Amino acid sequence: MTSSSEPLPEFLSSVKLKYVKLGYRYVISKLVTLVLIPVMAALLLEALKLDPAEVVSLWRRAQGLSAVHTLATVFLLVLVATAYFMSRPRPIFLVDFACFLPAPNCRVPFATYLEHARLMPFFDEKSVRFQLRILERSGLGEETCLPPDNHYIPPRNSLGTARAEAELVIFSALDQLIAKTGLKPKDVDILVVNCSLFSPTPSLSAMVVNRYKLRSNILSFNLSGMGCSAGLISIDLARDLLQAHPNSYALVVSTEIITPNYYTGNERSMLLPNCLFRMGAAAVLLSNRRRDRGRAKYRLLHVVRTHRGADDQAYRCVNEEEDRDGNSGISLSKDLMAIAGEALRTNITTVGPLVLPVTEQLRFLASLVRRRLIMAGARPGWRPYIPDFTRAFEHFCIHAGGRAVIDELQRSLRLSSEHVEASRMALHRFGNTSSSSLWYELGYIEAKGRMRRGDRVWMIGFGSGFKCNSAVWRCLRSVETPVEGPWAECIHRYPVDIPEVVKLL
Amino acid sequence: MELLLSVVSSILLLFCLLSLVRRAVDRWLCRRCYLLDYVCYKPSDDRKLPTDRCSEVIMRNPRLRLPDYKFLLKVVVNSGISEETYGPRSIIVGRREERPSMADCYEEVDDCAFATLDQLFRRTGIPPSRVDLLVVNVSMFAPAPSLASRIINRYGMRDDVKSFNLAGMGCSASPIAVDLVSNVFRSRKGMVALVFTSESIAPNWYSGSDRSMMLGNCLFRSGGCSFMLTNDGSLRHRAKMRLNCLVRTHIGANDEAYGCAIQKEDDVGRVGFHLGKNLPKAAVRAFTENMQRLAPKVLPIGELALHAVRVLRHRLLKAAATNSKEPAAGNERVVNFKTGVEHFCLHTGGAAVIDAVGKGLGLNKYDVEPARMTLHRWGNTSASSLWYVLGYMEAKKRLRKKERVMMISFGAGFKCNSCVWEVLRDLDGGDGGVWEDCIGRYPQQTLVNPFLKKFGWVNEE
């Protein structure tokens with residue numbers, strides 16, 4: 001994995017036009033306020049100049065107006081106010097979420113993983129050593145889990161076993177969610193399920209409809225092939241659907257099914273997912289009902305999606321393909337980090353203006369201007385100003401794709417170890433659970449008792465395509481510990497110190 | 001002073017009112033979903049499946065015995081399809097049927113996607129960079145990166161394009177994709193959406209001997225469609241149709257319905273698509289429920305009232321009959337959908353499906369002709385079949401301004417989805433699309449199946 005150099009220089013030139021456009025749009029949208037302020041100020045000054053007699057005479061005049069006039073004015077004002085409030089986009093609340101907790105017998109400590117790898121008939125000695133080295137540096141712990149059928153030698157891979165894993169993880173998460181929220185399945189109006197590497201027909205969403213006997217007029221969607229950032233894509237879709245349908249509940253299920261995707265060849269770039277991907281699932285209940293405001297945990301503020309697929313290198317950096325012997329697996333290219341960094345930069349140029357405080361944005365703009373003005377005599381060691389996102393967010397959930405991803409983002413965004421702790425610990429305890437990893441991380445923050453009312457959370461996911469998606473949430477009520485969930489039994493042991501390399505042999 | 005106050009406050013109030021009105025109008029306009037254009041896929045002639053080739057492919061399976069061959073031939077003979085339907089190249093040449101390579105799967109989808117999308121962009125004149133929303137629906141092939149990403153890569157779309165890759169949603173996924181688009185449209189105005197729908201046959205070829213799973217091999221054919229939707233009012237004059245309403249019904253809560261069309265393994269572990277015996281029953285249930293919800297949205301009050309009276313009369317007569325132990329007077333309780341819709345795009349699931357749906361809707365031979373002829377010419381192309389049927393109607397110059405078109409399809413899950421479009425202008429200027437070279441031969445008066453001539457003996461045995 002290459003380490004990227006200067007984080008932001010090229011991006012500045014592409015970003016400045018965007019900032020100008022954003023600035024212009026900001027001015028136009030706030031035109032009324034900008035015009036109103038000086039007018040109000042002028043009126044206030046005028047009013048202060050009036051003496052009491054004039055005020056009294058004005059009041060008498062107002063009283064003298066006929067009833068019709070007053071009524072009409074009041075009616076008009078009320079109408080305008082109501083129309084204004086009703087035309088605003090509906091707030092989207094996250095009532096609660098639940099993550100799948102694997103049973104302890106699914107654990108794959110390093111010793112088990114390596115023993116199995118050695119006994120697998122298809123791995124050669126070099127591949128086993130390679131996987132050992134990956135595990136040592138992976139940041140995973142000894143409690144990550146693989147599905148029951150992956151514990152066989154060789155793993156039992158069939159449509160039936162894949163479906164069994166799907167039923168296990170999805171139904172468990174949904175049962176937990178229903179218990180936590182008291183949700184009645186018949187009340188669900190929208191269902192979005194995403195699972196990248198397993199999509200049977202009928203879909204997993206049909207499987208959920210069947211198991212929980214959901215209504216026949218449900219709006220269900222099944223997304224597949226969309227990678228590790230698909231959880232946020234599902235949230236985006238659920239949000240659009242909730243905007244179009246008032247008074248509704250949306251259920252979002254994110255998972256990745258491991259059973260059919262175990263790579264049985266010796267190509268190095270394709271062995272990485274075997275080492276990093278682990279079993280997991282998350283179920284989220286979203287609502288746009290006003291009465292849920294009291295019990296909801298978070299409110300969705302923004303979702304920003306970035307797709308770098310137009311660039312060939314980005315498109316191919318995470319690719320499902322067949323090796324020379326016809327074994328299929330996911331190949332990860334060497335410039336994954338660089339591409340992820342590029343996708344992140346594009347994403348934050350849109351997220352930044354939405355969330356950064358005005359002072360940060362002005363500082364960034366000033367640094368751009370300064371660079372422009374003194375470009376001719378620019379010092380070679382000049383560093384661009386990187387906006388401080390810790391002033392916009394209290395918590396960060398970075399997709400636990402692997403240790404390298406978290407390291408890279410910590411560096412680019414200048415985050416402290418506490419900010420990335422949730423990601424690192426989720427990677428350690430649960431491994432890379434793909435699209436559901438963000439929810440395990442959020443669960444960690446809650447279990448640690450750090451989530452307070454008013455806190456803002458930034459979820460960043462990356463995935464094949466190459467996509468970078470972010471979601472911004474605001475916490476509506478402080479989450480009190482202890483929190484039921486996958487962290488309940490182990491949170492007291494965290495955070496742990498994860499060494500750079502864990503010596504396994 | 002007072003004058004200034006009143007003038008300023010009235011200007012501000014007016015401004016507020018106008019901006020609110022504008023916002024409301026924008027919201028209302030966002031709900032509009034226009035169909036700009038659609039392009040169906042016509043595979044190359046080397047992929048045609050005439051009688052001999054079809055039987056050749058069937059006979060290639062070493063696990064089949066004579067009764068199995070007879071069963072398969074019987075299905076094909078009675079299917080209502082012609083010699084001109086298309087199959088995937090890798091299956092026709094017999095290349096790795098049992099374990100198709102990813103390259104073959106991609107080839108099948110790429111051929112369809114790129115051919116139709118190239119043509120669609122050319123015809124509409126809208127560049128790929130203008131696309132804001134991309135929805136891809138291929139039920140049985142969902143690689144990573146997704147097919148949506150593949151299309152974004154090929155056409156160099158913008159980095160803020162919203163892409164969705166639907167999979168596993170069965171033959172009724174066209175209305176589902178339209179539903180997704182029309183819902184996302186409500187969040188922003190001036191959007192252009194691109195939808196690609198197709199099915200992947202090569203990776204799902206069943207090479208075992210379970211009869212319920214072999215049906216899929218016989219009935220499904222290659223096809224696909226790309227279409228462009230928009231809620232941009234400035235493009236309205238170029239649009240062909242406008243979406244009036246859409247109804248989705250999912251009866252997956254019923255175990256029988258969920259299991260009647262399902263991908264699973266047979267006794268020896270071969271994966272295939274099982275079509276169960278209770279599929280027609282599930283289809284009828286889903287269809288009835290869907291029509292019950294659709295009827296009030298499309299039928300005129302007169303017809304609804306008439307139907308209510310008919311139902312009431314029938315019930316009273318039935319009650320009277322049970323009391324007096326005489327047989328009740330026969331009554332056609334079928335709602336006449338032709339009072340609200342002029343044209344019907346029925347999913348070409350098979351001859352029996354088309355006939356059953358036609359009967360349920362009260363249609364005559366003329367109304368089911370497009371679906372019947374599409375089944376004959378193209379076979380069951382899964383989710384894209386509705387667009388081939390629409391293409392037939394357009395090629396026959398049947399679509400006039402203000403007429404309404406109903407699309408109805410069924411799919412695994414079990415789902416029945418329908419939508420109603422309104423034609424915005426007389427669609428008689430087109431070149432016939434994929435029907436161009438053969439529309440003159442249709443409608444065929446006698447659909448004598450060429451398979452019948454050669455293999456008709458299976459019906460007699």
Side-chain angles (χ1 to χ4, degrees), chain A residues 32 36 39 43 46 58 76 80 83-84 87 158-160 196-197 199-206 209-210 213-227 233 236-237 240-241 243-244 305-310 312 315 318-322 326 328 330 346 350 464-467, chain B residues 1-2 5 8 12-13 15-17 20 23-24 27 99 101-102 139-140 142-149 152-153 156-170 176 179-180 183-184 186-187 248-253 255 258 261-265 269 271 273 289 293 412-413:
Chain A
V32 175
L36 210 58
V39 168
L43 285 172
E46 277 292 326
L58 265 175
L76 209 61
V80 166
Y84 174 69
S87 71
S158 70
L159 189 61
S196 197
L197 299 167
S199 63
T201 306
S203 57
L204 295 175
S205 63
V209 170
N210 174 251
K213 310 294 175 222
L214 303 182
R215 289 195 330 255
S216 62
N217 63 345
I218 193 163
L219 297 180
S220 64
F221 296 94
N222 191 82
L223 302 173
S224 194
M226 305 205 79
I233 295 177
D236 182 38
L237 178 59
D240 286 336
L241 291 165
Q243 294 289 10
R305 293 173 60 177
T306 304
H307 200 305
R308 302 280 304 161
D312 282 336
Y315 173 66
V318 177
N319 199 28
E320 188 182 351
E321 57 189 44
E322 282 166 341
S328 66
I330 312 282
T346 317
T350 315
S464 61
F466 195 80
K467 306 178 193 70
Chain B
M1 163 68 194
E2 283 134 24
L5 188 72
V8 166
L12 279 172
L13 203 62
F15 185 81
C16 286
L17 272 171
L20 279 170
R23 217 191 267 195
R27 271 264 198 96
R99 263 204 75 192
S101 69
M102 285 208 82
S139 195
M140 314 231 281
S146 59
L147 295 172
S149 298
I152 289 172
N153 174 254
M157 294 186 184
R158 298 196 319 257
D159 59 27
D160 63 347
V161 68
K162 273 199 191 200
S163 64
F164 295 100
N165 194 81
L166 299 172
M169 307 215 80
I176 293 176
D179 185 39
L180 198 163
N183 276 305
V184 176
R186 290 191 194 193
S187 60
R248 290 175 60 178
T249 305
H250 195 315
I251 57 168
D255 289 335
Y258 175 70
I262 186 166
Q263 200 178 15
K264 61 185 198 186
E265 280 146 340
V271 178
F273 199 74
E289 214 178 302
R293 285 175 49 210

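Nothing here was measured: the structure is a model prediction, and the numbers come from that model. Here is how names work: the chains are called A, B, and so on, in the same order as the sequence lines, proteins then strands, and each is numbered from 1.
Taking CG from B/N153 and CG from A/D312, the interatomic distance works out to 4.5 Å, rounded to the nearest 0.5 Å. Considering CD1 of B/I152 and NE2 of A/H307, their distance stands at 3.5 Å, rounded to 0.5 Å. Distance check, rounded to the nearest 0.5 Å: CG of A/D236 to CZ of B/F164 gives 5.0 Å. With values rounded to the nearest 0.5 angstrom, B/K162 atom NZ is found 8.0 Å from A/L237 atom CG. In this structure, CD1 in B/I251 is found 11.5 Å from NZ in A/K213, a value given to the nearest 0.5 Å.
Annotation: maximal heavy-atom pairing with chain B below 4.5 Å, among A/G227, A/S328, A/S464, occurs at A/S464.
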**Q.** Candidate pair B/D179 and A/F221, rule side-chain contact (heavy atoms from CB on, under 4.5 Å), full reasoning
**A.** CA-CA 10 Å; B/D179 185 39; A/F221 296 94; 3.7 Å; yes
Q: For side-chain contact (heavy atoms from CB on, under 4.5 Å), just list the numbers for B/M169 and A/S220, CA-CA rounded to whole Å, side-chain angles, deciding distance to a tenth of an Å, and then say yes or no.
A: CA-CA 9 Å; B/M169 307 215 80; A/S220 64; 4.2 Å; yes
Q.
Is there a side-chain contact (heavy atoms from CB on, under 4.5 Å) between A/N210 and B/D255? Walk through the geometry before answering.
A. CA-CA 7 Å; A/N210 174 251; B/D255 289 335; 2.8 Å; yes
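Of the possible donor and acceptor atoms, one in the side chain of B/E265 sits under 3.5 Å from a partner among the backbone N and O of A/L159. Looking at B/Q263, its side chain does come within 3.5 Å of a backbone N or O of A/T201 through a donor-acceptor pair.
Contact annotation for A/L214: only backbone heavy atoms (N, CA, C, O) come within less than 4.5 Å of a heavy atom of chain B. Both the backbone and the side chain of A/L219 come within contact range of chain B, with heavy atoms under 4.5 Å apart.
With respect to A/N217, the side-chain contact (heavy atoms from CB on, under 4.5 Å) criterion is satisfied by exactly one of B/R293, B/E289, B/H250, B/R248: B/R293.
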